[in-house]
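Everything on this sheet refers to the single structure shown next.
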Amino acid sequence: MKATIPYIETKFEEFNRLMFANQLPKIPIELSDAKTFLGVCVSKRRRLPDGRTEHYDFRLRINTRIDLPEQEVEDTIIHEMIHYFIGINQLKDTSSHGPVFKGIMKRINEQFGRHLTISHKSTKEQKEQAYDTKKHWHVVAVVLFKDGKTGVKVLPRVMPRIINYCTHVGANSQVSDIQLFWTNDIYFNRFPNSAALYVTFVDHDEVMNHLTDAQVLKCFGNPRIILYGR
């Protein structure tokens, strides 16, 4: 299921009554199209006159990009409500999922038969579901390393940035070759589009299978520079 704001509001009231003794004030609820998280409780911070830091303006964001079982949607809401409870009460914890968070989570799991976990990021299968399925044209750099690894980088369609990437990455002593392609295969929608000097390591055969119908961009020099492209 994909949650709606009325659904989340109803569940918030229910779980607030059952699990938090109605101690949580109503919170603005937002729907998120993010690819990387299922839910998040965000807030702003300000410095008080006595030097302490206070959290305020809390907001609950629940992912609606990914179709989840209802129990997982509920557990996501509860997970973020624990963060909200800790934040609104200014409780000190050693980390975002430290002893205070774990203690509340353990109590809720035992008392209400929930299956809350510390890990709250989307799984590989959920990320696959969240990827954009529209066709977009990409400049894809396949970076081959001397140790046999293969990296992928989706680059902005701006010539100076592409040349800068090829120049700097190609100068790395561990890089044996950079191959550039022009493709609209939706497989590459999963990779961030930027000129940052890094790669995402992938299986060589898998990525090349998605480039079977791609146009090869002609290059020259060492490091290789684009000569022309589509």
Side-chain angles (χ1 to χ4, degrees), residues 1-132 189-194 196 200:
M1 67 169 292
K2 295 185 179 182
T4 63
I5 288 181
Y7 174 86
I8 298 168
E9 289 175 339
T10 298
K11 289 298 178 180
F12 181 92
E13 292 178 2
E14 175 186 344
F15 298 143
N16 189 21
R17 182 180 69 256
L18 290 175
M19 303 171 186
F20 298 93
N22 278 327
Q23 295 181 40
L24 295 177
K26 286 188 176 180
I27 183 174
I29 293 171
E30 301 170 351
L31 304 180
S32 172
D33 193 46
K35 300 178 183 178
T36 55
F37 65 81
L38 303 182
V40 64
C41 180
V42 298
S43 64
K44 296 178 182 178
R45 293 193 301 176
R46 60 189 169 200
R47 179 77 62 177
L48 299 176
D50 62 4
R52 293 183 297 113
T53 299
E54 179 185 53
H55 290 264
Y56 71 104
D57 192 17
F58 290 88
R59 295 177 181 273
L60 183 64
R61 294 176 185 160
I62 300 298
N63 190 299
T64 56
R65 188 186 187 98
I66 303 171
D67 196 354
L68 298 171
E70 183 171 11
Q71 184 175 23
E72 192 164 355
V73 175
E74 291 180 345
D75 285 349
T76 296
I77 295 170
I78 299 168
H79 182 112
E80 300 312 325
M81 290 176 72
I82 297 175
H83 285 301
Y84 181 37
F85 179 85
I86 292 172
I88 202 73
N89 289 290
Q90 307 293 325
L91 302 179
K92 299 295 182 183
D93 209 349
T94 58
S95 66
S96 59
H97 297 113
V100 175
F101 182 96
K102 291 177 181 176
I104 299 173
M105 181 185 72
K106 184 174 184 293
R107 173 184 64 81
I108 291 174
N109 280 339
E110 292 177 350
Q111 187 173 352
F112 298 97
R114 305 303 309 190
H115 299 90
L116 306 179
T117 62
I118 294 299
S119 177
H120 198 49
K121 295 181 179 179
S122 50
T123 64
K124 180 180 178 181
E125 291 74 18
Q126 290 165 348
K127 287 179 180 178
E128 290 284 345
Q129 182 188 149
Y131 293 138
D132 186 359
N189 292 351
R190 69 191 61 199
F191 300 102
N193 185 319
S194 78
T200 300

**Complete:** Scanning both residues in full, the closest heavy-atom pair of Asn109 with His115 reads OD1-N, 3.4 Å

**Asked** How far apart are the C-alpha atoms of Gln111 and Leu18, what are their side-chain angles, what is the distance that settles it, and do they pass the side chain to side chain contact (heavy atoms under 4.5 Å, CB included) test?
**Response** CA-CA 10 Å; Gln111 187 173 352; Leu18 290 175; over 6 Å; no

**Asked** Are the side chains of Thr76 and Asn63 in touch, meaning some heavy atoms are under 4.5 Å apart?
**Response** no

**Message:** Is it the case that the side chain of Tyr84 and the backbone of Pro25 share a donor-acceptor pair, with hydrogens and angles ignored and the cut-off at 3.5 Å?
**Reply:** yes

**Asked** When the ring planes of His97 and His79 are compared, do they come out parallel, tilted or perpendicular, using 30° and 60° as the limits?
**Response** perpendicular

**Fill in**
Pro99 meets the side chain to side chain contact (heavy atoms under 4.5 Å, CB included) criterion, sequence neighbours left out, with Asp93, Thr94

**Message:** Show me the pairs that pass salt bridge (Lys or Arg N to Asp or Glu O under 4.0 Å) and involve residues 99-108, at least two apart or across chains.
**Reply:** Lys106-Glu110

**Item:** CD on Glu80 to CD1 on Ile62, rounded to 0.5 Å
**Value:** 6.0 Å

**Message:** Please list all pairs meeting salt bridge (Lys or Arg N to Asp or Glu O under 4.0 Å) that have one or both residues in residues 4-15, counting only residues at least two apart or in different chains.
**Reply:** Lys11-Glu14, Lys11-Glu74

**Message:** Is there a side-chain contact between Ile8 and Leu31 in this structure, where contact means two heavy atoms from C-beta onward sitting under 4.5 Å apart?
**Reply:** yes

**Message:** Could you measure the distance from the CE atom of Met81 to the CG atom of Leu24? Nearest 0.5 Å is fine.
**Reply:** 5.0 Å

**Prompt:** Can you name the salt bridge (charged side-chain N to carboxylate O under 4.0 Å, His left out) partners of Glu54, sequence neighbours left out?
**Reply:** Arg46

**Prompt:** Got a second to check how far Tyr7's OH is from Ile29's CD1, nearest 0.5 Å?
**Reply:** 12.0 Å

**Check: Val100 and Lys92 side chains under 4.5 Å, non-hydrogen atoms** = no

Only distances under 3.5 Å count here; give the side-chain donor-acceptor pairs of residues 37-45 to other protein atoms, sequence neighbours excluded, each with its distance to 0.1 Å.
from	atom 1	to	atom 2	distance (Å)
Ser43	OG	His55	ND1	3.1
Lys44	NZ	Asp57	OD2	3.4

**Request:** Identify the two heavy atoms, one from Ile27 and one from Phe58, that lie closest to each other, and give their separation to 0.1 Å.
**Result:** CG1-O, 3.4 Å

**Prompt:** If only atom types and distance count, is the side chain of Asn89 paired as donor or acceptor with the main-chain N or O of Leu91 below 3.5 Å?
**Reply:** no

**Item:** Inter-residue atom distance Leu60.CG - His83.NE2, 0.5 Å rounding
**Value:** 10.5 Å

**Request:** Please round to the nearest 0.5 Å and tell me the distance separating atom CD of Gln90 and atom CD1 of Ile88.
**Result:** 7.5 Å

**Asked** Out of curiosity, Ile5 CD1 to Thr64 OG1, how far, rounded to the nearest 0.5 Å?
**Response** 9.0 Å

**Prompt:** With sequence neighbours left out, which residue pairs that include part of residues 17-28 fulfil the side chain to side chain donor-acceptor pair (under 3.5 Å) condition?
**Reply:** none

**Asked** Yes or no on side chain to side chain contact (heavy atoms under 4.5 Å, CB included) for Arg65 and Lys2, after CA distance, side-chain angles and deciding distance?
**Response** CA-CA 7 Å; Arg65 188 186 187 98; Lys2 295 185 179 182; over 6 Å; no

**Request:** Would you check if the side chain of Asn16 reaches a backbone N or O of Phe12 as a donor-acceptor pair within less than 3.5 Å?
**Result:** no

